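Only a predicted model underlies this, so the values are computations on that prediction, with no experimental measurement involved. Start at 1 with the first residue, then count along the sequence.
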Amino acid sequence: MLKVDLNSDLGESFGSYKIGEDEEIIKNISSANIACGWHAGDSLIMEKTVKLAKNKGVAVGAHPGYFDMAGFGRRNLLVSAEELKSYVKYQLGALMAFAKSNGVSVEHVKPHGAMYNMAAKNYDLAEAIAQAIYEVDDNIILLGLANSQLIKAGEEIGLKVANEVFADRAYMPDGTLVPRSKGGALIQDTGTAIKRVVKMVKYGMIEARDGTEIAIKADSICVHGDNPQSLEFVKNIRKALENDNIQITSLRKVLK
């Protein structure tokens, strides 16, 4: 039986401001990428989300981003590899404290937003992220854009890596994501998203923005928690995959 992880970015609320439907989305996923307080989230939200994941039997992952709450971590920042490495260690360490105190482990790290997209193309940045994770805990999985520099760096550093694909994002011909500033970057039709996901998981292919077919490996599927259609997407995608005899399970089990 085919296996795939289904993940979502959670814990992105802040203080009295609520973002996303975490309590409902988490019922339908196998891994939660929890914001670590820099691009979104705060200490109370982090602990609350860890507890929520534990109660639902969902794997906990760290979702570090740039220190850019005003831009939701989606603005490109010019930082050195040394700085980036420290950013990841800092945020990973914070989430690990909440995880440990609640009797769970941090299973994976998935960089957020601009950090993710920049490292997908820039090997030096990707290597800094992979080194940060490896030096903290070499058993943690690096979750990165399928076939990207993040995956390459993680493998070369010696980490377990998981190739991530996106249910609600369009792809460029080189396998990177269409920038959010471009038209058509977000897939808003549930039926279209489901067809694309099933195709990626079963056949390892996806149609890029220009119509070309590109090969892609799908260990994990992401549905963004801040997308207005997130809950509908994740429910229907899970149902479609299970109806196609594809098992939804944690990254650790997918990579066995």
Side-chain angles (χ1 to χ4, degrees), residues 5 7-20 22-23 25-26 29-70 72-73 77 79 81-116 119 125-144 150 154 157-162 164 220 222 225-226 250-253 255:
D5 175 59
N7 79 75
S8 189
D9 305 339
L10 303 182
E12 294 178 330
S13 299
F14 180 82
S16 60
Y17 297 93
K18 181 174 172 59
I19 295 178
D22 291 8
E23 292 81 2
I25 289 173
I26 206 163
I29 61 176
S30 47
S31 294
N33 316 309
I34 301 176
C36 299
W38 276 27
H39 76 278
D42 60 33
S43 57
L44 289 173
I45 297 295
M46 289 168 72
E47 181 145 44
K48 177 183 177 182
T49 312
V50 167
K51 288 179 176 178
L52 184 63
K54 179 183 179 180
N55 290 340
K56 297 299 181 183
V58 169
V60 169
H63 197 38
Y66 286 135
F67 191 53
D68 179 30
M69 196 164 284
F72 202 64
L77 300 185
V79 301
E82 182 181 18
E83 288 173 304
L84 183 57
K85 186 176 176 181
S86 70
Y87 294 173
V88 173
K89 284 186 176 182
Y90 186 97
Q91 294 174 79
L92 173 56
L95 190 70
M96 288 178 78
F98 289 118
K100 183 176 181 180
S101 65
N102 283 283
V104 296
S105 299
V106 173
E107 291 292 319
H108 69 277
V109 171
K110 173 190 167 181
H112 167 79
M115 182 188 290
Y116 181 100
L125 297 180
E127 184 180 47
I129 292 169
Q131 284 179 335
I133 298 166
Y134 189 88
E135 290 175 13
V136 172
D137 183 348
D138 62 10
N139 193 48
I140 290 176
I141 298 164
L142 172 57
L143 179 57
L150 270 169
I157 291 293
L159 290 171
K160 292 183 178 68
V161 297
E164 182 179 40
S220 185
C222 176
D226 66 322
S250 67
L251 282 174
R252 195 73 61 183
K253 293 179 180 177
L255 298 177

**OP:** Would you give the length of the straight line joining atom CG of L84 to atom CG of L125, rounded to the nearest 0.5 angstrom?
**Re:** 5.5 Å
**OP:** Grab the two heavy atoms, one from A119 and one from A126, that are nearest each other, plus how far apart they are.
**Re:** O-CB, 3.4 Å
Original post:
Taking all atoms of both residues into account, what is the closest heavy-atom pair of A130 and L142, and its distance?
Top reply: CB-CD2, 4.3 Å
**OP:** Of all the heavy-atom pairs spanning E47 and N102, show the shortest one and how long it is.
**Re:** OE2-ND2, 3.0 Å
**OP:** Could you tell me the separation between the CE atom of M96 and the OG atom of S105, rounded to the nearest 0.5 Å?
**Re:** 8.0 Å
Original post:
Does any non-hydrogen side-chain atom of V88 lie less than 4.5 Å from one of P111?
Top reply: no
Subject >> With W38, the ring-ring contact (aromatic ring centres under 6.0 Å, His included) member among Y66, F14, F67 >> reply: F67
Original post:
Hey, does V106 have a side-chain heavy atom less than 4.5 Å from the side chain of D137?
Top reply: no
Original post:
Does the side chain of I140 come within less than 4.5 Å of L92's, by heavy atoms?
Top reply: yes
**OP:** Could you check S220 against D5 for side chain to side chain donor-acceptor pair (under 3.5 Å), going step by step and ending with a plain yes or no?
**Re:** CA-CA 4 Å; S220 185; D5 175 59; 2.6 Å; yes
**OP:** Carefully, step by step, assess I129 and M115 under the rule side chain to side chain contact (heavy atoms under 4.5 Å, CB included).
**Re:** CA-CA 9 Å; I129 292 169; M115 182 188 290; 4.0 Å; yes
Original post:
For the side chain of E12 and the backbone of A35, is there at least one donor-acceptor N/O pair under 3.5 Å apart?
Top reply: no
**OP:** Go through I157 and E127 one step at a time and tell me if the side chain to side chain contact (heavy atoms under 4.5 Å, CB included) criterion holds.
**Re:** CA-CA 8 Å; I157 291 293; E127 184 180 47; 4.2 Å; yes
Original post:
NZ of K18: more than 12 outside heavy atoms within 6.0 angstrom?
Top reply: yes
Original post:
How many angstroms lie between CG in D9 and OH in Y116, if you round to the nearest 0.5 Å?
Top reply: 9.5 Å
Original post:
Taking the side chain from S13 and the backbone from I19, do they hold a donor-acceptor pair closer than 3.5 Å?
Top reply: yes
Subject >> Side chains of H108 and N7 in contact at under 4.5 Å (non-hydrogen atoms) >> reply: no
Original post:
What is the distance from atom OG of S8 to atom NE2 of H63, rounded to the nearest 0.5 Å?
Top reply: 9.0 Å
**OP:** Look up atom CD1 in I133 and atom CG in D138, then write down how far apart they are to the nearest 0.5 Å.
**Re:** 11.0 Å
Original post:
Does the side chain to side chain contact (heavy atoms under 4.5 Å, CB included) test come out yes or no for L95 and V60, once each step is laid out?
Top reply: CA-CA 9 Å; L95 190 70; V60 169; 4.0 Å; yes
Original post:
What do you reckon, is NZ of K85 surrounded by more than 12 foreign heavy atoms closer than 6.0 Å?
Top reply: yes
Original post:
So do the side chains of K160 and L251 get within less than 4.5 Å of each other, counting heavy atoms only?
Top reply: no
Subject >> Atom of P64, atom of K110 and distance for their closest heavy-atom approach >> reply: CD-O, 3.5 Å
Subject >> H112 and H39 aromatic ring geometry - parallel, tilted or perpendicular at 30°/60° bounds >> reply: parallel
**OP:** Before giving the answer on side chain to side chain contact (heavy atoms under 4.5 Å, CB included), spell out for N33 and L143 the whole-Å C-alpha distance, their side-chain angles and the decisive distance to 0.1 Å.
**Re:** CA-CA 10 Å; N33 316 309; L143 179 57; 4.1 Å; yes
Subject >> Nearest heavy atoms of I26 and V58, plus distance in Å >> reply: O-CG2, 3.6 Å
Subject >> K48 side, atom NZ; D42 side, atom CG - distance, nearest 0.5 Å >> reply: 10.0 Å
Subject >> Shortest non-hydrogen contact from I29 toward S31 >> reply: CD1-O, 3.3 Å
